[in-house]
*Asks:* 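Before we start, here is the structure in question, set down as structure tokens.
On a predicted model such as this, the values are computed, not experimentally measured, just so you know.
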Amino acid sequence: MKAILRALRAELAAIFGDPQILSVMVVSLAIYALIYPYPYRPELLREVPVAVVDLDNSAGSRQLARDIDASEAVAVVARPPTMAEAERLVHERRAYGILLVPQGFERELLRGRQSPIAIYADASYFLMYQKALTGIAGPARTTGVQVQVARQLATGTSRTEALSGASPIALVEVPLFNPAGGYATYILPAAFVLILQQTMMMGLGLVARRRAPSADPLPWRMLGRAAAWLGLYALLLPMYLVVLPWAYGLPWLGHLPALAMLGVPFVLAVGFLAQAVAAVLRRAEMVQMVLLSLGMPLFFLSGFSWPIESLPPLLRAAAQAIPSTAMIEGYVRSAQMGAGLAELAPLIRQLWLLAFAYAGITLLLRLGASGSRLSAARPQVRSREAGDAL
């Protein structure tokens, strides 16, 4: 027990006594909490600027432009006379989409024929591209339905039959776990888990390379260090995974016991993974550089930027070896979907397996490094003894 307590105190002293480690593990979390979620507070992208090139200049084409401008997704900011001028607006980032209404648009509609329009969207920003397309295409489809209904009414069809013929299926969308359909509700929970993992790995990796040697048995030292991590992140995890979502108005249906059941093995798995990386890399500078460079690959393997099911089998297997993969899925299920412990049990088991696996790898690496140092020291002792004998 004394060895465990000594290791616990030494680990906390190394974290809070080194300004660089403290800034990575604590100060950077505070900075991320203030800066990272702020751009996503509006949740939805609205009023994306678009240009309308109306070559028909008819009452129908002008009504279509007004309907598009009334959409919350886009705003008509310019009506250039030619496509060349509209493309110039896109190149200057003054518009992100173009609607081209050809000549004869209204005439073709009045004749009962299809009257195609052209939509161009800037794909440099995915959200801008999506909003520009949907914001223009939605009112255009509505205009087509209105024309069809008006034509059927003119032939004596009742309004009910005309509406059912134009739109036979009534679609009612009810978002269950993301009521606003917002980007912040989707991305921030996963981003919070990744930020915790990245800062924890970098900080504890540096601690592992800079801590002072100890004569205590290695297993007791590992238990003491794990106790120090759990004590520190017993404060940081609720701040990031409970308080921050509440502060930014994100849905939270979770329960603290479920978060604790996920959080304990997650902290241990990340901590021992950092120890294993530090045992392989001999210099603190290499630990920091390698763990920092792993940030983007871990982001793409986490499962929220691209579905895990769509990854190649090799990458899918690699993703399961990353603690954040199971933690993100478990946290989202618990916090946003209200899942209970029974639904979270497979993910909790996965995190415990990772924790034990990385602890075993760390133990083997540390024992191997100690054995190599001892074997390297023995020839020096023998050479000194031989010199004394001579």
Side-chain angles (χ1 to χ4, degrees), residues 29 32 36 40 126 177-178 183-205 229 233 236-237 240-241 245 250 254 258-281 286-337 339 341-362 364-365:
L29 286 179
Y32 274 121
Y36 189 85
Y40 303 108
F126 179 73
F177 307 118
N178 188 351
Y183 195 63
T185 303
Y186 167 71
I187 197 172
L188 286 182
F192 288 155
V193 174
L194 279 176
I195 290 170
L196 285 167
Q197 176 178 266
Q198 190 71 1
T199 54
M200 194 190 316
M201 286 184 62
M202 290 180 61
L204 295 182
W229 309 335
Y233 282 92
L236 295 179
L237 246 72
Y240 244 68
L241 302 184
L250 303 180
L259 180 62
M261 295 290 287
L262 287 166
V264 170
F266 171 71
V267 170
L268 294 176
V270 175
F272 286 123
L273 175 58
Q275 306 299 297
V277 173
V280 174
L281 304 173
M286 288 295 297
V287 172
Q288 188 173 16
M289 184 172 63
V290 169
L291 292 178
L292 185 62
S293 64
L294 286 176
M296 192 57 68
L298 296 181
F299 169 81
F300 284 109
L301 290 175
S302 60
F304 75 98
S305 63
W306 188 261
I308 290 181
E309 294 78 9
S310 300
L311 293 175
L314 183 60
L315 292 180
R316 199 181 313 157
Q320 299 307 317
I322 303 170
S324 60
T325 302
M327 182 63 184
I328 288 172
E329 185 175 353
Y331 175 60
V332 170
R333 286 188 186 183
S334 173
Q336 294 189 325
M337 301 180 182
L341 290 177
E343 293 86 358
L344 300 176
L347 298 170
I348 295 172
R349 285 196 296 269
Q350 180 178 345
L351 288 170
W352 276 113
L353 286 174
L354 291 177
F356 283 116
Y358 288 129
I361 293 172
T362 301
L364 292 176
L365 290 173

*Asks:* Minimum heavy-atom separation for Leu262 to Leu351, with atom names?
*Replies:*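 Heavy atoms of Leu262 and Leu351 come nearest at O-CD1, 3.6 Å.
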*Asks:* Please determine whether the number of non-hydrogen atoms from other residues, nucleotides or ligands lying under 6.0 Å from atom CZ of Phe299 exceeds 12.
*Replies:*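 Yes.
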*Asks:* Which atom names give the shortest non-hydrogen contact between Ser293 and Pro297, and what distance separates them?
*Replies:*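 Scanning both residues, the minimum pair turns out to be O-CD, 3.4 Å.
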*Asks:* So, taking the atom named CG in Leu311 and the one named CZ in Phe300, what distance separates them when rounded to the nearest 0.5 Å?
*Replies:*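 It comes to 11.0 Å.
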*Asks:* Would you say Tyr233's side chain and Phe266's backbone share a donor-acceptor pair under 3.5 angstrom?
*Replies:*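 Looks like no, no N/O pair under 3.5 Å.
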*Asks:* Counting C-beta onward and ignoring hydrogens, is there a side-chain heavy-atom pair between Val270 and Tyr358 closer than 4.5 Å?
*Replies:*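 SC-SC contact between Val270 and Tyr358 ruled out.
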*Asks:* Is a donor on one side and an acceptor on the other found under 3.5 Å between the side chain of Ser334 and the backbone of Tyr331?
*Replies:*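 Flag not set: sc Ser334 to bb Tyr331 has no pair under 3.5 Å.
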*Asks:* Grab the two heavy atoms, one from Ala278 and one from Gly205, that are nearest each other, plus how far apart they are.
*Replies:*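 Heavy atoms of Ala278 and Gly205 come nearest at CB-O, 3.7 Å.
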*Asks:* Side chain to side chain contact (heavy atoms under 4.5 Å, CB included) with Met327: which of Leu194, Leu196, Leu241?
*Replies:*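 For Met327, the side chain to side chain contact (heavy atoms under 4.5 Å, CB included) test succeeds with only one of Leu194, Leu196, Leu241, which is Leu241.
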*Asks:* Closer than 3.5 angstrom, by distance alone: can the side chain of Thr362 be matched with the main-chain N or O of Phe272 as a donor-acceptor pair?
*Replies:*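 Side chain of Thr362 to backbone of Phe272: a pair is present.
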*Asks:* Taking all non-hydrogen atoms of both residues, which atom of Ala258 and which atom of Leu341 are closest, and how far apart?
*Replies:*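 That closest heavy-atom pairing would be CA-CD2, 3.8 Å.
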*Asks:* Rounded at 0.5 Å granularity, tell me how far CG in Leu354 sits from OG in Ser324.
*Replies:*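 Interatomic distance, Leu354 CG to Ser324 OG, rounded to 0.5 Å: 10.0 Å.
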*Asks:* For the CG atom of Leu188 and the OH atom of Tyr240, what is their distance to the nearest 0.5 Å?
*Replies:*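 So the gap between those two atoms works out to 10.5 Å.
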*Asks:* Rounded to the nearest 0.5 Å, what separates atom CD1 in Ile187 from atom CZ in Phe192?
*Replies:*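 One finds 10.5 Å between CD1 of Ile187 and CZ of Phe192.
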*Asks:* Using only atom types and a distance under 3.5 Å, with no angle test, would you say the side chain of Thr325 pairs donor to acceptor with the backbone of Ala319?
*Replies:*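 It does hold such a pair.
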*Asks:* Are the side chains of Phe356 and Leu268 in touch, meaning some heavy atoms are under 4.5 Å apart?
*Replies:*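 Answer no - side chains too far apart.
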*Asks:* Run the side chain to side chain contact (heavy atoms under 4.5 Å, CB included) test against Leu281 and tell me which residues pass, sequence neighbours left out.
*Replies:*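 If we apply the side chain to side chain contact (heavy atoms under 4.5 Å, CB included) test to Leu281, skipping adjacent residues, the hits are Val277, Met286, Val287, Val290.
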*Asks:* Within a strict 4.5 Å, meaning less than it, do heavy atoms of the Met200 and Leu236 side chains meet?
*Replies:*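 When only atoms from C-beta onward are counted, Leu236 and Met200 do not touch, as no gap falls below 4.5 Å.
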*Asks:* Contact between Met261 and Leu344 at the side-chain level, heavy atoms closer than 4.5 Å - yes or no?
*Replies:*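 Not touching, per the 4.5 Å side-chain cut-off.
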*Asks:* Taking all non-hydrogen atoms of both residues, which atom of Leu365 and which atom of Ala279 are closest, and how far apart?
*Replies:*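 Looking at all heavy atoms of both residues, the shortest contact is CB-CB, 3.8 Å.
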*Asks:* So which heavy atom on Val332 is nearest to which on Pro189, and how close?
*Replies:*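 For Val332 and Pro189, the tightest heavy-atom pair comes out as CG2-CB, 4.3 Å.
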*Asks:* To the nearest 0.5 Å, what is the distance between CH2 on Trp229 and CD on Gln275?
*Replies:*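 Separation between the atoms: 4.0 Å.
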*Asks:* To the nearest 0.5 Å, what is the distance between CG (Leu347) and CZ (Arg333)?
*Replies:*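 Spacing of CG (Leu347) from CZ (Arg333) equals 5.0 Å.
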*Asks:* Quick check against the 3.5 Å criterion: does Gln350 have a side-chain atom that pairs as donor or acceptor with the backbone of Gln320?
*Replies:*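 Here the side-chain-to-backbone pair exists.
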